[in-house]
Amino acid sequence: MSVHVSVLVGRFQPFHRAHLALLRRALELSPQCIVVIGSAFQARTPKNPLTWSERAEMIRLALSQDERARVQFLPVRDYYDEARWVNAVREGVSAACQQPTNVMLVGHFKDATSTYLQGFPGWSLTAVERQTSADGTHLRDAWFSAQPETLDATLAAMTEQAPPTTLAFMRAWSALPCFADLAEEWRMLRRYKQAWAAAPYAPVFVTVDAVVRCAGHILLIRRGKAPGKGLHAVPGGFIEARETAYQSALRELEEETHLKLLDDTMRRSLRETAVFDHPDRSLRGRTITHAHFFDLGDRELPEVRADDDAQSVEWVPVERLLSMEELFHDDHFHMLDHFLALTEKPVAR
């Protein structure tokens, strides 16, 4: 006889009362619930400040002893590709169940980001009405906007939106050094978006990136400025008005790394271009990038030197990249995965 299990998907940044209502509904409907924690294995950002394991602990703290025993956690990375992501969730749930299982997906149709609920044919779907007004974005905005002297009052004002255990977790987490850095980045992003607030239409930014492979290494910078200060990235930046995407990619490559080879060498080394246009790929707003993949072959690694927006630059062995996933800015790990097949198959770790 097949087992019945419910599945709840979310980012839980942070875990609030609407999440708790959905989870308890899932536990009412089945003896076991698998909580899929999305946006796993990412660098900390104002949008995704908590690691997947921190979010799992936050959820555990809000549950009773009996409820905890009935919940499993499944971290899944963002693929910026719904088909791969759905496949990763399916494989992860199947591996967790270890036997034929009737799966029920439990969720709430909040907005356009909830269309994934319709992407699991073969699973039953229980759509639950919104239980509270709790919203993760508003909670994070209030959290990061608080000054040290107002933090307790800010968290106290969230009592109706988040469980006491979540607020206690957030209070303790605020003492970590990364909280101040993320709060400063949140303020920078807020100023950035306010500067465009008077535009007649929401701005769409166009950027370029250069993925350069040579002798089994990839050229990476560490960002010198927010957003993503200190994180690894491929060289790139905004396209110039009178340049083609290719010309802008070469210019940004030279400005940030001082890598400049003969034009004929670069043209012969260009293997692929790809557009990365997921609406959520950048915290600055709608940003579409044209990535250029150059393969310089097995020649000696060219000398490079950091400049412009780059804090540092280095040639990194390709085999190290998968272990660095949580150290990349925006979707740059997934950009590398596209060109280099780093994950090969969508495995949820």
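Positions are given from 1 along the sequence.
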With heavy-atom distances below 4.5 Å as the criterion, would you say the side chains of [X] and [Y] are in contact?
X	Y	result
Ile59	Phe12	yes
Val316	Met324	yes
Lys47	Gln13	no
Phe73	Val36	no
Met170	Trp143	yes
Val206	His290	yes
Val204	Ile288	yes
Phe293	Val212	no

Let me confirm one number: the [atom1]-[atom2] distance from [X] to [Y], rounded to the nearest 0.5 Å.
X	Y	atom1	atom2	answer
Leu29	Met104	CG	CE	5.0 Å
Arg320	His217	CZ	NE2	9.0 Å
Met58	Ile37	CE	CD1	10.0 Å
Arg24	Ser64	CZ	OG	6.5 Å
Leu340	Met335	CG	CE	11.5 Å
Glu129	Leu22	CD	CG	11.0 Å

Within the supplied structure, the quantity of interest is the number of heavy atoms (other residues, nucleotides, ligands) at a distance under 6.0 Å from [X] [atom1]; does it exceed 12?
X	atom1	value
Asp298	CG	no
Glu300	CD	no
Glu303	CD	no
Arg190	CZ	no

Which pair of non-hydrogen atoms, one from [X] and one from [Y], has the smallest distance, and what is that distance?
X	Y	value
Arg11	Ser39	CD-OG, 3.1 Å
Gln72	Ala96	OE1-CB, 3.8 Å
Lys193	Arg284	CE-O, 3.9 Å
Val234	Ala210	CB-O, 3.7 Å
Arg90	Gly122	NH2-N, 4.5 Å
Cys33	Leu23	SG-CD1, 3.7 Å

One thing to verify: whether [Y] and [X] come together as a salt bridge, which I'm taking to mean a side-chain N less than 4.0 angstrom from a carboxylate O.
X	Y	answer
Arg84	Glu344	no
Glu255	Arg251	yes
Arg223	Asp309	no
Glu57	Arg60	yes
Arg268	Asp295	no
Lys229	Glu185	no

Report yes or no: do Leu220 and Leu322 belong to one cluster of Ile/Leu/Val/Met/Phe/Trp/Tyr joined by side chain heavy-atom distances under 4.5 Å?
-> yes
Linking I/L/V/M/F/W/Y whenever their side-chain heavy atoms sit closer than 4.5 Å, directly or via other members, would Leu259 and Val211 fall into one cluster?
-> no
Report the relative orientation of the aromatic rings in Phe120 and Trp123; use parallel for angles under 30°, tilted for 30 to 60°, perpendicular for over 60°.
-> parallel
Who else is in the cluster with Trp196 when I, L, V, M, F, W and Y are joined by side-chain contacts under 4.5 Å?
-> Met188, Leu189, Tyr192, Phe205, Phe238, Leu283
Answer yes or no: is there a donor N or O on one side and an acceptor on the other, between the side chain of [X] and the main chain of [Y], under 3.5 Å?
X	Y	result
Asp308	Ala310	no
Trp173	Leu50	no
Thr154	Ala146	no
Thr51	Glu54	yes
His19	His16	yes
Arg286	Asp277	yes
Asp135	Thr137	yes

Of all residues at least two apart in sequence or in a different chain, which pass the side-chain hydrogen bond (donor to acceptor under 3.5 Å, both in side chains) check with Arg281?
-> Asp331
For Thr257, side-chain hydrogen bond (donor to acceptor under 3.5 Å, both in side chains) partners two or more places apart = none
Any chance you could lay out the salt bridge (charged side-chain N to carboxylate O under 4.0 Å, His left out) test for Arg25 and Glu28, step after step, and finish with the verdict?
-> CA-CA 5 Å; Arg25 179 58 176 154; Glu28 289 175 3; 3.1 Å; yes
Suppose we call two aromatic rings close when their centres sit under 6.0 Å apart. Are [X] and [Y] close by that rule?
X	Y	result
Phe276	His338	yes
Trp85	Tyr116	yes
Phe144	Phe179	yes
His332	Phe328	no

When you compare the side chains of [X] and [Y], does any donor N or O come within less than 3.5 Å of an acceptor on the partner?
X	Y	value
Glu272	His292	no
Asp307	His258	yes
Glu91	Ser94	no
Trp186	Asp141	yes

